[in-house]
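Heads up, the thing below is written out as structure tokens.
Sequence lines set the chain letters: A, B, ... in the order given, protein chains first and strands last, and positions in each chain run from 1.
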There are 2 protein chains.
Amino acid sequence: MKLRKITKRKGSEKRRYDDSCGTAHALELIGDRWALLVMRELMLGPRRFSQLRADLPGISANVLAQRLGDLERTGLLERLKLPPPASMQVYGLTRWGYEAEPITQALGRWAARSPHHDPSLRISGVSLLLSFRTLLDRERAKGLDAVVGFRFGEDVYRGHLTERGIEIAREDPGDADVVFAGSVASLGAAVHGGVPLAALVREGRLAVEGDRKLAERFTRLFPLPEKISDRQRARAEVR
Amino acid sequence: MKLRKITKRKGSEKRRYDDSCGTAHALELIGDRWALLVMRELMLGPRRFSQLRADLPGISANVLAQRLGDLERTGLLERLKLPPPASMQVYGLTRWGYEAEPITQALGRWAARSPHHDPSLRISGVSLLLSFRTLLDRERAKGLDAVVGFRFGEDVYRGHLTERGIEIAREDPGDADVVFAGSVASLGAAVHGGVPLAALVREGRLAVEGDRKLAERFTRLFPLPEKISDRQRARAEVR
DNA sequence: CGGCATCCGGGAAGATACTG
DNA sequence: CAGTATCTTCCCGGATGCCG
């Protein structure tokens, strides 16, 4: 007697919060599992289906396809067809989609203080580069104006760094003052893990082309926020 | 015959993203359905179980209980016992929990521009008051320094409004310059819905005690951001 | 092979009933 | 009032298969 309903899939009536609050509406738009991480991976430019799967190990193909469909339907993302001869299909954020970056930043900044955070897990190239945008210490970047390149396998990025921020795009860093080449994990170790750049270079895990002094300085520009102490986890004062 | 208890608590392995990115970790902490809305309702001070159920129509008792348990376990929330004679149990955020407010703000600000947003749905008192913190137009609040009170049934709030922001707590507004009393929906209509305050007062939906001129000005201090236009939903420029 | 559609098992969310 | 127990529904994740 397993006469399962013929999967009504009718109006694709998703679960709603029925709450006029903006936060609730946002969660209806991007609160599904993986949705915001898919958007994060598109924050530095369009990606293909298979690239997204590689960026997000753990997401299954059908969930990714469904998220891409949902996000496209709500206007946060769109399918693009690159011009021939490469004529492949990619997924890119719309302008509105890009405007969600403050959300990922707020989440990241907050969670970076979590005592449960495990920094040993893998990190995607986009995540690491976005963390630079989030964590740049303007004080330490005083007076800087440099072009920095990154090569993670096939993916190349170009960043323009000043004391006002760092703009990063997926394009060739031909004019870079310094270029980091190697694995994402290695650059992450240098910048967030406190591993000396010289050691990574010596072990061949990371290559630095160009201004070595600038590279050293670069690794110290993005300090992680302090962890939450037990005291701060205890009762909050009456406000 | 009910021998199905076997599964119990095996790994208690929640689904993980296995991603070192802060955004992903944040989603593991507060990405479950309803979790962030529960926290939002606690942002202005502790609440009881039944109050939360009333604030969040649609959440079921078991999901609320589970979220409260999860959030307590991760250190975002704690059970408090009010002193006798009222000795009842309430749930309050820890200091770290309060620090999630920028997240709800970023989400709210972003989603307020959504073309799919339905402002006719109900809104909780806390949501409305938090929207004031998020949306205050400092320019229009120039020179202000006022105490504003709110009475929504049993819940009373006191806000201190200056051009630098508005601080709100759940306490008696004895010294308020002006007090709004009535339904949350009515105050929302006045502030975000463009309904003239005078009309609401005339119809008895909202009472204003104290400085009426200040009340009028208050309703115009929190403009909603512009909606996304079709143009902005279209392809983003190459960045 | 990239980009899905489909089927299935497990588990989370939702609704309701029940208990101290 | 503050939850727990139980049942149903539906989403997530994995596997497989189709189709250009």
Side-chain angles (χ1 to χ4, degrees), chain A residues 1-19 24 27-28 31-38 46-73 77-82 86-91 154, chain B residues 1-19 27-28 30-38 46-72 77 79-82 86-91 154:
Chain A
M1 290 313 270
K2 300 308 272 285
L3 282 191
R4 320 270 294 160
K5 283 283 181 63
I6 309 294
T7 58
K8 269 302 238 193
R9 197 49 59 191
K10 195 198 79 175
S12 78
E13 303 224 355
K14 292 183 51 175
R15 290 172 179 162
R16 309 198 170 262
Y17 288 113
D18 286 327
D19 189 322
L27 292 174
E28 287 177 342
D32 281 342
R33 193 164 159 76
W34 292 107
L36 198 54
L37 298 184
V38 170
R47 299 288 264 168
R48 321 180 40 170
F49 192 92
S50 53
Q51 291 176 318
L52 289 170
R53 280 197 77 177
D55 295 334
L56 300 168
I59 196 172
S60 61
N62 55 6
V63 170
L64 176 55
Q66 189 178 324
R67 290 298 167 273
L68 292 172
D70 293 344
L71 294 172
E72 183 184 19
R73 224 164 294 122
L77 172 153
E78 60 188 347
R79 261 162 246 255
L80 308 172
K81 194 159 200 105
L82 293 192
S87 59
M88 44 160 99
Q89 184 175 272
V90 295
Y91 299 87
E154 298 291 297
Chain B
M1 302 299 271
K2 305 303 209 36
L3 294 187
R4 49 178 55 231
K5 294 285 258 189
I6 313 165
T7 66
K8 275 310 96 176
R9 269 309 115 191
K10 191 202 74 177
S12 79
E13 302 221 358
K14 286 186 56 176
R15 290 171 179 164
R16 307 195 173 266
Y17 289 113
D18 286 327
D19 189 322
L27 292 174
E28 287 176 343
I30 54 174
D32 281 342
R33 194 164 158 76
W34 292 107
L36 199 54
L37 298 184
V38 169
R47 301 230 92 190
R48 325 178 37 169
F49 193 92
S50 55
Q51 291 176 318
L52 289 170
R53 280 195 76 175
D55 294 334
L56 300 167
I59 196 172
S60 62
N62 52 10
V63 171
L64 177 56
Q66 190 179 326
R67 290 299 166 272
L68 291 172
D70 292 344
L71 294 172
E72 183 184 18
L77 171 153
R79 261 163 244 256
L80 307 171
K81 195 163 201 100
L82 293 191
S87 59
M88 45 160 97
Q89 183 174 270
V90 295
Y91 297 88
E154 297 292 296

For B/Asp55, which residues count as a salt bridge (charged side-chain N to carboxylate O under 4.0 Å, His left out) partner, sequence neighbours excluded? B/Arg47

Can you measure A/Leu64 atom CG to C/dG2 atom P for me and round it to whole angstrom units? 13 Å

I need the CG-C1' distance between A/Asp32 and C/dA13, as an integer number of Å. 13 Å

Nearest to the side chain of A/Arg15, which nucleotide is it out of D/dC11, D/dT4, D/dG13? D/dC11

Between B/Arg67 and A/Phe49, which has a closest nucleotide on DNA chain C that is more 5'? A/Phe49

Phosphate oxygens OP1/OP2 of D/dA2: is one of them under 4.0 Å from a side-chain N or O of B/Arg47? no

Starting at atom CD1 of B/Ile59, determine the distance to atom C1' of D/dG3, rounded to an integer number of angstrom. 13 Å

Minimum-distance nucleotide (side-chain atoms of A/Ser50 versus C/dG3, C/dG14, D/dC12): C/dG3

Restricting to non-hydrogen atoms, name the atom on A/Phe49 and the atom on A/Leu64 that form the minimum distance, rounded to 0.1 Å. O-CD2, 3.7 Å

Does a nitrogen or oxygen in the side chain of A/Arg48 sit under 4.0 Å from OP1 or OP2 of C/dG2? no

State the CD1-CG distance between B/Ile30 and B/Asp70, to the nearest 0.5 angstrom. 12.5 Å

Sorted by position of nearest nucleotide on DNA chain C, 5' first, the leading residue of A/Ala61 and B/Val63 is A/Ala61

How many angstroms lie between atom CG of B/Leu68 and atom CZ of B/Arg79, to the nearest 0.5 angstrom? 7.0 Å

Please report, rounded to the nearest Å, how far the P atom of D/dC12 is from the CZ atom of B/Arg16. 18 Å

A/Tyr17 atom OH is separated from C/dG14 atom C1', nearest whole Å, by 13 Å

For B/Asp32, the salt bridge (charged side-chain N to carboxylate O under 4.0 Å, His left out) test, sequence neighbours excluded, returns B/Lys14

CG of A/Leu68 versus P of D/dC12: gap in Å, rounded? 14 Å

For A/Gln51 and C/dG2, what is the distance between atoms CD and C1' respectively, to the nearest whole Å? 12 Å

Pair of N/O donor and acceptor under 3.5 Å linking C/dT16 base with B/Asn62 side chain: no

Nearest-neighbour nucleotide for the B/Ser60 side chain, C/dA15, D/dC12, C/dA13 considered: C/dA15

What is the separation between atom CD on B/Gln89 and atom C1' on C/dG20, rounded to the nearest whole Å? 14 Å

Ignoring backbone atoms, test whether A/Trp34 places a side-chain nitrogen or oxygen under 4.0 Å from the OP1 or OP2 oxygen of D/dG13. yes

